[in-house]
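In each ligand, atom 1 is the first atom listed, and ligand 1 is the first ligand listed.
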Amino acid sequence: MIIMLKPNSTDDKVIHLSEVISNMGVEVMRSDGTEHTVLHLIGDTLRIDKSIIEADEIVHKIIRVQEPYKRANRLFKQEDTIIKVGEHTIGGDEFMVIAGPCSVEGEEEIVAIAKMVKAAGANYLRGGAFKPRTSPYSFQGLEDEGIKFLQTAKQETGLPIVTEILSHDKIQLFVDNVDIIQVGARNMQNFQLLKELGKVDKPILLKRGMVATIEEWLMSAEYIMSEGNPNVILCERGIRTFENFTRNTLDISAIPVVKRLSHLPVVVDPSHAGGKWWLVEPLAECAVVAGAHGIVVEVHANPESAWSDGGQSLKPKKFEKMMKEIKILAKMKGKRI
Ligand code: PEP
Ligand code: MN
């Protein structure tokens, strides 16, 4: 951290500020220029509250050199994080495909779709049992029963389960029954939930909030990791922009940016990004080429009658076709799929 002081700051005020900062546990190096005096802070500045320093009248400007996240930062762990779930890995040279309906709608439906996506090459099954809907009058999910149906689908196919958690009172249910716990875009900054999930021994699929910067997203990962859970998978699912033709705007550059800043795996959800079934394949292909570690795709046997997100769900045949293209691209990128 670098602190630039106002011109003509008196020596006794500079000494006083330096002492205040030293008492925060970092080393302060002073350099006097022709216009400004600058204080360089050396050590762990992550816990320093910038606003306390800003409150001092002699402070002109504070520049953070270090990112505010540590455990998620590639500077502190150079090698990629690789997470093993079931027979597959996420974050290494394997390309992960999570597929399934937006919502779990019944036992037979989820078992049938699980068999289908597995046959087409998916390695994880998704399906929402607890649904964060914009309207309280929309279908809210089958809840605990939905988790039971996902379990049946897992027993029938062997596919590990990925499903979204909405509140911390369900953590034990998820720990007992779910393989990857999803935190949705709307809960990306539910810090209490993130802290609780930091205490569990399950990978967390952390979706990017719809108005979150990459740094805020990584800070949310940091919340989970700082409580002891290192297994976070980041998921870019589109952000809100002025463009309203698509449901969101897929921030494709977030993939190489996150891979540069962090060692955590990063995957793409082209379904919630585009919001239209015919955009899913091209966006998924972009994700592979941009270097994503996988994709999360909504697939439904009958999108016209889906209980949620039918318009962005692929029919089985379309999913199969997309998988063929994805496999070619993933192999070209040196991935196993
Ligand atoms: C979902 O995956 O069904 C979902 C609600 O996604 P998001 O949190 O990205 O909107
Ligand atoms: Mn959905």
Side-chain angles (χ1 to χ4, degrees), residues 96-105 109-110 113 117 122 124-136 138-143 146-147 149-150 161-167 170 174 178-190 193-194 197 203-212 214 216-217 220-221 224 232-241 246-252 254-255 258 266-277 279-280 283-284 287 292 294-315 319:
M96 85 183 288
V97 178
I98 303 177
C102 180
S103 300
V104 178
E105 297 175 4
E109 284 86 349
I110 193 71
I113 205 77
V117 296
Y124 299 90
L125 174 68
R126 66 149 286 149
F130 296 87
K131 295 303 302 174
R133 306 304 299 280
T134 304
S135 165
S138 302
F139 172 59
Q140 303 287 306
L142 294 180
E143 305 190 334
I147 302 281
F149 296 160
L150 282 165
I161 299 164
V162 184
T163 193
E164 179 170 355
I165 193 161
L166 294 189
S167 56
K170 293 290 175 186
F174 276 63
V178 172
D179 299 286
I180 300 178
I181 303 176
Q182 176 175 323
V183 173
R186 291 156 192 81
N187 268 317
M188 190 207 84
Q189 286 189 317
N190 182 340
L193 179 63
L194 299 179
L197 291 171
I204 309 297
L205 180 77
L206 179 65
K207 289 195 149 194
R208 181 177 181 181
M210 49 191 95
V211 291
I214 292 173
E216 285 164 343
W217 187 20
S220 291
I224 299 168
V232 179
I233 304 156
L234 299 162
C235 178
E236 161 62 41
R237 46 76 75 205
I239 47 173
R240 283 229 168 126
T241 65
T246 47
R247 182 172 179 178
N248 293 290
T249 298
L250 179 60
D251 183 7
I252 206 75
I255 309 307
V258 161
V266 56
V267 302
V268 166
D269 173 346
S271 309
H272 290 87
K276 300 182 196 303
W277 65 266
L279 278 170
V280 173
L283 296 184
I295 46 173
V296 185
V297 182
E298 287 184 340
V299 184
H300 195 284
N302 223 335
E304 296 86 348
S305 55
W307 295 359
S308 59
D309 286 350
Q312 65 188 37
S313 299
L314 289 182
K315 288 184 179 170
F319 178 66

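Distance alone, capped at 3.5 Å, is enough to place a donor-acceptor pair between the T163 side chain and the G127 backbone.
Pairs passing the salt bridge (Lys or Arg N to Asp or Glu O under 4.0 Å) check and including a residue from residues 299-308, sequence neighbours excluded, read E304-K315.
Among the atoms of K131, some N or O lies under 3.5 angstrom from an N or O of ligand 1. For ligand 1, one of its N or O atoms has an N or O atom of R237 under 3.5 Å away.
In terms of protein heavy-atom proximity, atom 6 (O) of ligand 1 is closest to K207 NZ, 3.0 Å. If you check which protein heavy atom lies closest to atom 2 (O) of ligand 1, you get R126 NH1, 2.8 Å. For atom 5 (C) of ligand 1, the closest heavy atom belonging to the protein is E164 OE1, 3.6 Å. Among all protein heavy atoms, the one lying closest to atom 8 (O) of ligand 1 is A185 N, 2.8 Å.
At a cut-off of 3.5 Å, with distance as the only test, no side-chain donor of H300 or E109 sits close to an acceptor on the other residue.
For E298, every heavy-atom contact with ligand 1 shorter than 4.0 Å involves the side chain, none the backbone.
Nearest-heavy-atom check against atom 1 (C) of ligand 1 across H272, R247, R208, E236 picks out H272.
Using a 4.5 Å heavy-atom cutoff, the side chains of L142 and W307 are in contact. Considering only heavy atoms from C-beta on, F130 comes within 4.5 Å of E143 through its side chain.
Below the 2.8 Å limit, the Mn ion (ligand 2) has as protein N, O or S neighbours C102 SG, H272 NE2, E298 OE2, D309 OD2.
R126 and E298 are joined by a salt bridge, as a carboxylate oxygen and a charged side-chain nitrogen come within less than 4.0 angstrom of each other.
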